There are 2 protein chains.
Amino acid sequence: MQQRSEETQSQIVKSAIKLFSTHGYTAASVDMICKDAGISKGAFYHHFGSKQTLFLALLDQWLTTIDSSIEAAHHKTVPEMFLQITEAYPYIIKTAEEGLPMFLEFWLQASRDKKIWQASITPYRRYHKYFTALIKKGVEEGSFVEVDPETASRLIVSTAMGLLLQSLLDPEGANWEKVAKESSDMLVNSLLKK
Amino acid sequence: MQQRSEETQSQIVKSAIKLFSTHGYTAASVDMICKDAGISKGAFYHHFGSKQTLFLALLDQWLTTIDSSIEAAHHKTVPEMFLQITEAYPYIIKTAEEGLPMFLEFWLQASRDKKIWQASITPYRRYHKYFTALIKKGVEEGSFVEVDPETASRLIVSTAMGLLLQSLLDPEGANWEKVAKESSDMLVNSLLKK
DNA sequence: AAAAAAATACCGACTGGTCGGTTTGTTTTA
DNA sequence: TAAAACAAACCGACCAGTCGGTATTTTTTT
């Protein structure tokens with residue numbers, strides 16, 4: 001019983017990720033997901049209370065992987081970490097291409113729902129705090145020029161979000177990987193002490 | 001005949017803007033818009049071929065106002081223009097708060113439609129070109145340091161989009177007007193020749 | 001200028017279909 | 001054999017768009 005149940009659940013998740021990212025959150029219907037997963041609607045609602053619940057589970061899973069990758073870089077120096085992020089650009093851009101639209105859509109749709117909003121804003125604020133602390137540490141270490149860590153954090157996150165969004169709007173409009181690298185060079189150059 | 005017709009049409013547009021920005025593109029139904037405008041569904045479809053057509057008309061109208069405001073600043077020097085943009089932040093943020101979600105939602109929903117994609121990507125590319133030219137002019141004038149105008153343009157637009165998006169996701173999370181001002185100061189400082 | 005004709009603007013019930021979710025009944029598993 | 005897992009028919013709300021017909025305005029005719 002447990003064996004089959006887990007198999008079904010992971011099939012639902014797998015199909016959901018696939019269909020949410022290709023069709024978007026709204027356009028990917030529960031029926032569609034069930035059909036793709038090769039199960040019935042009854043099975044779906046046996047495992048997940050609602051479509052929203054399923055998405056929240058996906059969100060949670062996604063956040064966990066981010067957390068663990070952050071955890072893994074915990075012992076490095078601040079400039080090293082920034083360098084590592086820079087090197088991860090191709091992967092980040094590819095991941096964003098697939099995932100960002102569905103998260104954006106979900107956020108927009110749920111921005112009027114207090115509970116959902118909370119679920120998405122809490123990790124966002126957590127990452128912002130983490131990033132701010134990182135920059136503060138860099139300033140204290142003496143590797144960064146004296147900036148307001150709060151503002152610098154917003155600025156860096158903004159740049160990342162904006163680049164990702166632009167690459168989404170117009171994938172063929174530029175060599176986004178190159179632009180991302182050069183942009184972060186410009187940013188880091190104005191941040192790093194020489 | 002013309003008098004009444006124009007009146008009806010502008011009522012539809014007025015209600016559409018109101019409901020699209022408060023409820024979002026999908027959630028604002030045609031019935032809803034008709035009811036708010038005080039007209040029938042028949043009248044709606046007499047004036048607009050579809051819900052999408054109506055939105056495209058709104059988009060067009062919006063772009064026209066942007067174009068004319070750009071036109072108005074055509075004789076100023078480059079640093080003056082950046083300063084002016086900085087001063088317009090409160091207005092920009094407020095406008096984005098109301099309009100950006102509905103445009104984002106529409107774009108996400110329709111991004112797989114060639115025709116719609118074209119209608120949104122063309123003005124985007126136009127503005128990018130304009131902005132790039134502006135920076136290039138600034139560099140040639142000697143007021144900016146030697147940067148690649150293409151990259152700098154992407155960077156600036158990214159920052160703006162990212163800030164707008166963040167302020168949308170978490171309006172209470174920061175004093176966004178202040179963050180926007182300080183961020184652009186940081187950016188312009190690293191761009192301006194001293 | 002008044003009547004007739006034509007064109008335009010408008011109404012609202014209706015259609016066909018979608019979607020998230022429920023219910024009822026069956027199979028599988030422990 | 002009882003509980004968990006699943007299947008499939010079903011429900012009600014909703015929604016974009018249609019259509020036959022009516023009201024209003026403009027144009028043409030007399």
Side-chain angles (χ1 to χ4, degrees), chain A residues 1-59 102 105-106 108-110 112-113 115-116 119, chain B residues 1-20 22-59 102 105-113 115-116:
Chain A
M1 141 165 71
Q2 246 183 6
Q3 185 74 2
R4 190 156 82 112
S5 178
E6 275 172 28
E7 176 69 21
T8 302
Q9 183 147 348
S10 81
Q11 258 305 319
I12 293 174
V13 168
K14 197 176 153 191
S15 295
I17 291 174
K18 175 178 145 193
L19 293 172
F20 279 153
S21 48
T22 51
H23 294 80
Y25 175 74
T26 314
S29 68
V30 175
D31 282 304
M32 228 166 158
I33 294 168
C34 291
K35 205 173 175 185
D36 186 273
I39 53 118
S40 71
K41 228 169 177 182
F44 180 96
Y45 280 96
H46 177 73
H47 288 281
F48 296 95
S50 67
K51 193 186 178 184
Q52 246 185 28
T53 304
L54 167 64
F55 190 88
L56 251 21
L58 258 47
L59 185 74
M102 84 185 189
E105 191 194 341
F106 183 76
L108 284 171
Q109 206 222 245
R112 283 124 191 153
D113 183 317
K115 194 186 151 204
I116 308 293
Chain B
M1 146 175 47
Q2 250 184 5
Q3 185 73 3
R4 188 157 79 115
S5 179
E6 274 172 31
E7 175 70 22
T8 302
Q9 184 147 345
S10 82
Q11 258 305 319
I12 293 174
V13 168
K14 196 176 154 192
S15 296
I17 290 174
K18 174 179 148 193
L19 293 172
F20 279 153
T22 52
H23 293 80
Y25 175 73
T26 314
S29 69
V30 174
D31 281 304
M32 228 166 158
I33 293 168
C34 291
K35 206 174 174 186
D36 186 273
I39 52 117
S40 71
K41 220 167 184 180
F44 179 95
Y45 280 98
H46 177 75
H47 287 282
F48 297 96
S50 66
K51 193 185 179 185
Q52 243 184 32
T53 304
L54 167 63
F55 191 88
L56 251 22
L58 257 49
L59 184 74
M102 83 184 188
E105 189 196 342
F106 178 78
W107 186 84
L108 282 170
Q109 207 220 250
S111 59
R112 280 120 193 154
D113 183 317
K115 197 185 147 203
I116 309 294

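Everything numeric in this text was worked out from a predicted model, so none of it was measured. Letters go in sequence order (proteins before strands), and every chain restarts at 1.
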> With sequence neighbours left out, what residues match A:S50 under side-chain hydrogen bond (donor to acceptor under 3.5 Å, both in side chains)?
Replying inline: A:T53
> When the distance from CD of B:Q9 to C1' of C:dC10 is rounded to whole Å, what number comes out?
Replying inline: 14 Å
>> For B:K51, give me all partners under salt bridge (Lys or Arg N to Asp or Glu O under 4.0 Å), at least two apart in sequence or on another chain.
In response: none
> With A:S21, which residues qualify under side chain to side chain contact (heavy atoms under 4.5 Å, CB included), at least two apart?
Replying inline: A:M102
> Among residues 45-53 of chain A, which contact DNA chain D at a heavy-atom distance under 4.0 Å?
Replying inline: A:H46, A:H47
> Just how far, in rounded Å, is P of D:dA5 from CD of A:Q11?
Replying inline: 17 Å
> What pairs with A:Q11 under side chain to side chain contact (heavy atoms under 4.5 Å, CB included), at least two apart in sequence or on another chain?
Replying inline: A:E7, A:K14, A:S15, A:A37
> Can you find a side chain N or O atom of A:T8 that sits less than 4.0 Å from OP1 or OP2 on D:dC6?
Replying inline: yes
> What does nucleotides 7-14 of chain D look like as a protein-contact string, B for base, S for sugar-phosphate only, - for none, at under 4.0 angstrom between heavy atoms?
Replying inline: BB------
> Rounded to whole angstroms, how far apart are NZ on B:K35 and P on C:dG12?
Replying inline: 13 Å
>> Which residues pass the salt bridge (Lys or Arg N to Asp or Glu O under 4.0 Å) test with A:D113, not counting sequence neighbours?
In response: none
> In chain order, what residues pass the side chain to side chain contact (heavy atoms under 4.5 Å, CB included) check against B:H23, with sequence neighbours excluded?
Replying inline: B:L19, B:A27, B:A28, B:M32
> Where along residues 16-23 of chain A does a heavy atom fall under 4.0 Å from DNA chain D?
Replying inline: none
> Do the non-hydrogen side-chain atoms of A:L108 and B:L108 ever get within less than 4.5 Å of each other?
Replying inline: yes
> Which residue pairs satisfy the salt bridge (charged side-chain N to carboxylate O under 4.0 Å, His left out) criterion with at least one member in residues 36-45 of chain A, sequence neighbours excluded?
Replying inline: A:K18-A:D36, A:D31-A:K41
>> Once side chain to side chain contact (heavy atoms under 4.5 Å, CB included) is applied, do any residues pair with B:I17, and if so which ones, sequence neighbours excluded?
In response: B:V13, B:L58, B:Q61
> How long is the line joining CD1 of A:I33 and P of C:dT18, in whole Å?
Replying inline: 17 Å
>> Output the rounded distance in Å from CZ (A:F44) to P (C:dT23).
In response: 17 Å
>> Can you list everything that forms a ring-ring contact (aromatic ring centres under 6.0 Å, His included) with B:Y45? Sequence neighbours excluded, please.
In response: none
>> Under a plain distance cut-off of 3.5 Å, with no hydrogens placed, do A:E105 and A:T26 share a side-chain donor-acceptor pair?
In response: yes
